[in-house]
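A, B, ... follow the sequence lines: proteins, then strands. Residue 1 opens every chain.
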Protein chains: 2
Amino acid sequence: MSTDPSAPQVTPTVTPKAAYHHGDLRAQLIAAVRDLVETHGPDGFSVSEAARRAGVSSAAPYKHFKDRHEILRGVVSEAMDRLRAAMEAGAAAHPHGSLEAVAAVGQAYVDFARAEPGVFRLVFGLTEGHENAPDLLAKGEGCFGVVVKAVAACLGLPTSDPDVQRRAYMLWSFVHGHAFLTIDMKHKVAAARIGDWDYLVTTSRAILALAARA
Amino acid sequence: MSTDPSAPQVTPTVTPKAAYHHGDLRAQLIAAVRDLVETHGPDGFSVSEAARRAGVSSAAPYKHFKDRHEILRGVVSEAMDRLRAAMEAGAAAHPHGSLEAVAAVGQAYVDFARAEPGVFRLVFGLTEGHENAPDLLAKGEGCFGVVVKAVAACLGLPTSDPDVQRRAYMLWSFVHGHAFLTIDMKHKVAAARIGDWDYLVTTSRAILALAARA
DNA sequence: CAATCAAGTTAGAACCTCTCACATATGATT
DNA sequence: AATCATATGTGAGAGGTTCTAACTTGATTG
């Protein structure tokens, strides 16, 4: 049902089939839910409200999504595409193989979390049907792959090198934690504690240097 | 109403007032919700179900909690107490000021996340009434304080030293990210990627060494 | 053109949150 | 001790939510 090969899962490209009665309701619902999640928190969203915003009846969404969870998965999928694109753009803005390219991947990650904290939390807080969604798993690995590529280029090693994998994971978990803590306690601690860019560059250097020594 | 000074917020100590009709319903509700959150995910919980498990009517919980959110906040508060205790116990299991003591704090953190992923996610995914709950903020700072203390002891500096604060934050975000990634992709990546203890010791050493050099 | 299928609609069952009015146990106060 | 005030419970119910079922309508296709 949702595995319709002619309809790309989330990209709002208006396929002939999608532009029908309403005009790509699927994408509009995802956009509405993204908005709701962002403003009312990951739990403060309802299918009814999203349908209301899209101007359709509250039963219409179920023609496009099996579940409320499937809608959320759609939002997550779309968000991960954007996150990955941002990470790649960050790396591309600096010389290939440079330390700055590595740091910029992390910066893009943190920027995303700050710009869309609700969606960010949703992406990494999804529990229902996480294992039933191999595409999300794949996209997660894709994001990790961006880090791995930047690290490999910086160290001059192949991406398959276990040390590259290890350092990339270290960097990722580091940035991931920083991103989360940042959006959690925006009031006081984290935000004022450290300037992002210096922080990320310093950390990246430390972790990569650790690899060189090992 | 919930600011009753004679009743400790979450600790299941049966105060005279609490042991009433039912026998400390408040604590039993929190326990039920903790269980539900753990097994059905942070969203798959309902006040009704918790009340059912505690053997009371579905209106009874509202005598103890204003909201469903307030119940969740209660669960979080209780969980943070346990998390902090675990972190302190981890540090205490090693010589004061040792690198192992620092790593053990992180290990306790990761262990907690693995043992109770649902609750862990809830603790750091809470959005509703986060700012209206200064006690939660304070407990968060308390947990951070454990890290700061271990780092300060290891470096032989006062806890107020900005470098100590900085390294503690680095370590915390590191461990936080690792914990999250671990429970997110238990299937494949993180779990098999790295053995925890070596990982934490190595990382702690690297970050503290970085401080010594700076 | 008719058949078919996709994408909407309304109606409704089951559930959840939270409130209100009422009932009852307990401790405090005269 | 009798009574009062209050804390803690119950049942009924309003309003919102998820999701299904049965029906309608519009587009595509043989």
Side-chain angles (χ1 to χ4, degrees), chain A residues 1-9 12 14-30 32-33 36-37 40-75 127-129, chain B residues 1-9 12-30 32-33 36-37 40-75 128-129:
Chain A
M1 35 190 62
S2 72
T3 58
D4 178 353
S6 77
Q9 283 284 45
V14 174
T15 61
K17 295 189 145 190
Y20 192 64
H21 264 157
H22 180 275
D24 205 15
L25 178 58
R26 182 187 175 99
Q28 251 180 275
L29 283 172
I30 286 183
V33 169
L36 284 169
V37 164
H40 293 68
D43 27 344
F45 122 89
S46 77
V47 177
S48 306
E49 177 69 19
R52 220 169 288 135
R53 290 204 181 187
V56 295
S57 77
S58 67
Y62 295 94
K63 297 290 172 176
H64 294 269
F65 302 93
K66 171 178 154 290
D67 259 333
R68 74 194 302 278
H69 301 302
E70 194 168 294
I71 306 187
L72 286 175
R73 259 177 273 140
V75 173
T127 60
E128 320 283 329
Chain B
M1 36 191 62
S2 74
T3 57
D4 179 352
S6 78
Q9 283 286 42
T13 318
V14 175
T15 60
K17 297 188 147 188
Y20 193 62
H21 262 157
H22 181 276
D24 206 15
L25 178 57
R26 182 186 176 102
Q28 250 180 276
L29 283 173
I30 286 184
V33 169
L36 284 170
V37 163
H40 294 66
D43 26 344
F45 122 88
S46 77
V47 177
S48 306
E49 177 69 20
R52 220 169 289 135
R53 291 205 180 187
V56 295
S57 78
S58 67
Y62 295 95
K63 298 290 175 177
H64 293 269
F65 303 93
K66 172 178 152 291
D67 261 333
R68 73 193 303 278
H69 302 302
E70 194 168 296
I71 304 188
L72 287 175
R73 259 177 274 140
V75 173
E128 321 282 329

Do A:Phe45 and A:Arg68 make a side-chain contact, defined as non-hydrogen atoms from C-beta onward lying under 4.5 Å apart?
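Side-chain contact under 4.5 Å: yes.
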To the nearest 0.5 Å, how far apart are CG in B:Leu25 and NE2 in B:His64?
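Reported to 0.5 Å precision, the distance equals 4.5 Å.
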Given protein heavy atoms under 4.0 Å, the one-letter contact record of nucleotides 14-21 of chain C, with B base, S sugar-phosphate only and - none, is simply --SBBB--
Side-chain donor-acceptor distances from residues 46-53 of chain A under 3.5 Å, at least two apart:
unit_1: A:Ser46; atom_1: OG; unit_2: A:Glu49; atom_2: N; d: 3.0
unit_1: A:Glu49; atom_1: OE1; unit_2: A:Arg52; atom_2: NH1; d: 2.6
unit_1: A:Arg53; atom_1: NH1; unit_2: A:Asp35; atom_2: OD2; d: 3.2

Would you kindly give the [atom1]-to-[atom2] distance between [X] and [N], to the nearest whole Å?
{"X": "B:Leu29", "N": "D:dG9", "atom1": "CG", "atom2": "P", "answer": "9 Å"}
{"X": "A:Leu72", "N": "D:dT17", "atom1": "CG", "atom2": "P", "answer": "15 Å"}
{"X": "A:Phe65", "N": "D:dT20", "atom1": "CZ", "atom2": "C1'", "answer": "18 Å"}

Once you build an axis from the first five pairs and another from the last five of the helix from C:dC1-D:dG30 to C:dT30-D:dA1, how far apart in angle are they, to 10 degrees?
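Computed from the C1' atoms at both ends, the axes differ by 0°.
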List the residues meeting side chain to side chain contact (heavy atoms under 4.5 Å, CB included) with B:Ala59, not counting sequence neighbours, and say none if there are none.
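Here the qualifying residues are B:Ser57.
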Using every non-hydrogen atom in the two residues, find where [X] and [Y] come nearest and quote the distance to one decimal.
{"X": "B:Pro61", "Y": "B:Ile71", "result": "CB-CD1, 4.4 Å"}
{"X": "A:Val75", "Y": "A:Ile30", "result": "CG2-O, 3.7 Å"}
{"X": "A:Phe65", "Y": "A:Glu70", "result": "CA-OE2, 3.6 Å"}

